[in-house]
*Asks:* 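Please read through the structure below; I'll follow up with questions.
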Amino acid sequence: MSKMISEAIADLAWQDTQQQAVLAAAAVRAGVLPRVIKPSVPGVDLLQVVSPSGRVLATSPAAGNEPMAKLVPSSGGSMENSQTCGNPAPGCLRITALQADGPGSPIVYAARRTTTLTSTTFVNSIVAAQTAVLTAGVGWIAWEVTGRVLRPMEAVRSQLATITLNHLSDRIAEPEGDDEIARLVHTLNQTLLRLERATYEQRRFVADASHELRTPLAGLRVKLEEAQMYPQGRDVDGLLAETLGDVDRLQAIMGDLLMLAGLGSSASTTREKVDLAELTRTELGRRADRIPPRASLAEGVTVEGVSSQLTRVLTNLLDNAQRHAREQVEVEVRRDGTQAVMAVRDDGPGVPEADRERVFERFTRLDTARSRGHGGTGLGLAIASDVVRSHGGTIAVLDSPYGGACFEVRLPLAPPSSEHQA
């Protein structure tokens, strides 16, 4: 950059010396150049015409009678510019040398003394100083701008560092505006909200699971301790039947918990095309229910999913219907647009509208079914809901045409086969 500025200043200075050299050369060629030359370009007061042998043929009063320089153009008729301090008499000069009329002709020297404002060294110093100041200024601006950007980030970092598992309800103060930092803080707060909800659900699930496991364990312990204290008065067969019932209940709860844990894990399960009508026929064929279900199964209703998990959905819905039905249970599989519909209906007491969302929560039992004599772990509908959602579907409780509840599952239909595409 300093070189460019220096060259620009030098070009301006040499424009005058070049003009004066051209005018003097023209006078030499015309034979009208006097012995004492009066320069015509303002500021260029040093002018000489020197023979090839080095004798001064004409000069301006300020230039004196000694050649100002020994500069010779590299080729005849050419012009050459230079800065020289070789002659101490005039001092440092910016000089233009021009052969007046080709090779061997006299050389015209037109020069001006250099000043501190036009000297290369001074310009370089000025430019270097300006560069240093500019660099310092840019550095300060960068520091200030970076500081303004990073100060809010440091505040966010310090606030985020104080949020622990026991204080997930805390939030980061959101700055005003809609810039990147404000959006980032808003996203962090939304993430904290989701984390708080997930942690709450996990803690509630652990508490509910502990309660559900504690009840059969406590009953089992009481029965065994009673048999230990009064062994003679206890019916062994009856005791074994009761304890095995508690063990069965524990086993069912543990199986459902493992099922839920598997659904919540990130482990991928291979999916395949599942015919819902065939799946339903297989499940109904292996069951021995107190109320034989009626089936209305449309053929060719196929979805993509995990067959064992979808079977578990149907099993849980049928078990729920059998626990509450009076005389009728019905299963339907049909197509509705781009969706596959699987519905299980009964003629039981139904589900009040206020409880139709809550019934899918884990360990939820409505007042009409709270007795553990009805069987079930309180996880069946929760498992069904989780499986359906993992398959991209929905599950809802509707009114049954028989007066009870209708659990309706909707899943995306599998795309048509492309085996015969061209």
Side-chain angles (χ1 to χ4, degrees), residues 256 259-260 263 269-287 289 291-362 364 366 369 376 379-418:
D256 285 347
M259 178 74 176
L260 285 170
L263 292 174
T269 305
T270 303
R271 297 193 176 190
E272 57 187 359
K273 288 190 175 181
V274 180
D275 188 317
L276 292 183
E278 184 63 29
L279 179 144
T280 303
R281 275 193 290 268
T282 301
E283 174 63 14
L284 293 178
R286 72 171 188 82
R287 295 174 66 92
D289 293 317
I291 302 175
R294 292 186 300 172
S296 174
L297 308 177
E299 300 297 333
V301 182
T302 306
V303 299
E304 282 191 350
V306 183
S307 179
S308 60
Q309 293 182 2
L310 294 175
T311 299
R312 184 60 181 273
V313 172
L314 180 58
T315 299
N316 289 357
L317 296 181
L318 286 172
D319 288 345
N320 181 73
Q322 290 290 337
R323 280 195 295 271
H324 301 96
R326 297 185 180 94
E327 297 178 351
Q328 296 188 68
V329 174
E330 181 183 68
V331 183
E332 180 187 19
V333 172
R334 59 185 171 88
R335 183 192 305 265
D336 184 9
T338 60
Q339 293 182 322
V341 179
M342 182 170 63
V344 177
R345 307 180 182 95
D346 62 65
D347 61 349
V351 180
E353 288 192 16
D355 296 321
R356 290 183 179 180
E357 293 292 333
R358 190 169 65 90
V359 75
F360 294 109
E361 296 178 2
R362 297 169 181 180
T364 295
L366 303 184
L379 293 172
L381 295 179
I383 291 174
S385 177
D386 284 2
V387 170
V388 170
R389 281 190 285 110
S390 71
H391 282 70
T394 60
I395 184 170
V397 185
L398 308 174
D399 291 324
S400 168
Y402 310 116
C406 170
F407 285 82
E408 184 180 83
V409 174
R410 288 180 174 266
L411 297 169
L413 286 170
S417 176
S418 58

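Keep in mind it's a predicted model, so treat the numbers as computed, not measured.
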*Asks:* Grab the two heavy atoms, one from I395 and one from A384, that are nearest each other, plus how far apart they are.
*Replies:* CD1-CB, 4.3 Å

*Asks:* Should Q328 and S400 count as side-chain neighbours, where that means a heavy-atom distance under 4.5 Å?
*Replies:* no

*Asks:* Please step through side chain to side chain contact (heavy atoms under 4.5 Å, CB included) for the pair N316 and V387, ending with a clear verdict.
*Replies:* CA-CA 11 Å; N316 289 357; V387 170; over 6 Å; no

*Asks:* Look only at the side chain of D346 and the backbone of A321, and say whether a donor-acceptor pair between them is shorter than 3.5 Å.
*Replies:* no

*Asks:* I'd like to know if the side chain of S385 reaches the main chain of L381, judged simply by a donor and an acceptor atom lying under 3.5 Å from each other, with no hydrogens or angles considered.
*Replies:* no

*Asks:* Between the side chain of R326 and the main-chain N/O of D347, is any donor-acceptor distance below 3.5 Å?
*Replies:* yes

*Asks:* For a side chain to side chain donor-acceptor pair (under 3.5 Å) with R410, tell me which candidate from D336, T338, T394 qualifies.
*Replies:* D336

*Asks:* Can you see which heavy atom on S307 is nearest to which on E272, and at what distance?
*Replies:* CB-OE2, 3.8 Å

*Asks:* Are the side chains of L398 and R345 in contact, using a 4.5 Å heavy-atom criterion?
*Replies:* no

*Asks:* Minimum heavy-atom separation for P412 to V303, with atom names?
*Replies:* O-CG1, 3.4 Å

*Asks:* With a 4.5 Å limit on heavy-atom distance, are the side chains of N320 and V344 in contact?
*Replies:* no

*Asks:* May I have the step-by-step check of side chain to side chain contact (heavy atoms under 4.5 Å, CB included) for V409 and L314, ending in yes or no?
*Replies:* CA-CA 9 Å; V409 174; L314 180 58; over 6 Å; no

*Asks:* What are the two closest heavy atoms between H324 and P349, and how far apart are they?
*Replies:* O-CD, 3.4 Å

*Asks:* Could you pull out all residues at least two apart from R334 that satisfy salt bridge (charged side-chain N to carboxylate O under 4.0 Å, His left out)?
*Replies:* E332, E408

*Asks:* Does R356 reach the main-chain N or O of A396 with its side chain, forming a donor-acceptor pair under 3.5 Å?
*Replies:* no

*Asks:* Would you indicate whether E299, at its atom CD, is surrounded by more than 12 heavy atoms from other residues, nucleotides or ligands within a distance under 6.0 Å?
*Replies:* yes

*Asks:* Restricting to salt bridge (charged side-chain N to carboxylate O under 4.0 Å, His left out), what partner residues turn up for E278, sequence neighbours left out?
*Replies:* R281

*Asks:* Under 3.5 Å, side chain of D289 to main-chain N/O of I291, donor-acceptor pair present?
*Replies:* no

*Asks:* Please tell me if the side chains of P415 and E304 come closer than 4.5 Å, counting only heavy atoms from C-beta onward.
*Replies:* yes

*Asks:* Please report the closest heavy-atom contact between L284 and A295, naming both atoms and the distance.
*Replies:* CD1-CB, 3.9 Å

*Asks:* Does a side-chain heavy-atom distance below 4.5 Å link R287 with D319?
*Replies:* yes

*Asks:* Consider only side-chain N and O atoms of E283 and T315, and report whether a donor and an acceptor are under 3.5 Å apart.
*Replies:* yes

*Asks:* Given side chains that start at C-beta, do those of L310 and L411 come closer than 4.5 Å, heavy atoms only?
*Replies:* yes

*Asks:* Which heavy atom of V331 sits nearest to which heavy atom of L297, and what is that distance?
*Replies:* O-CD2, 4.4 Å

*Asks:* Side chains of T311 and T282: does their closest heavy-atom pair fall under 4.5 Å?
*Replies:* no

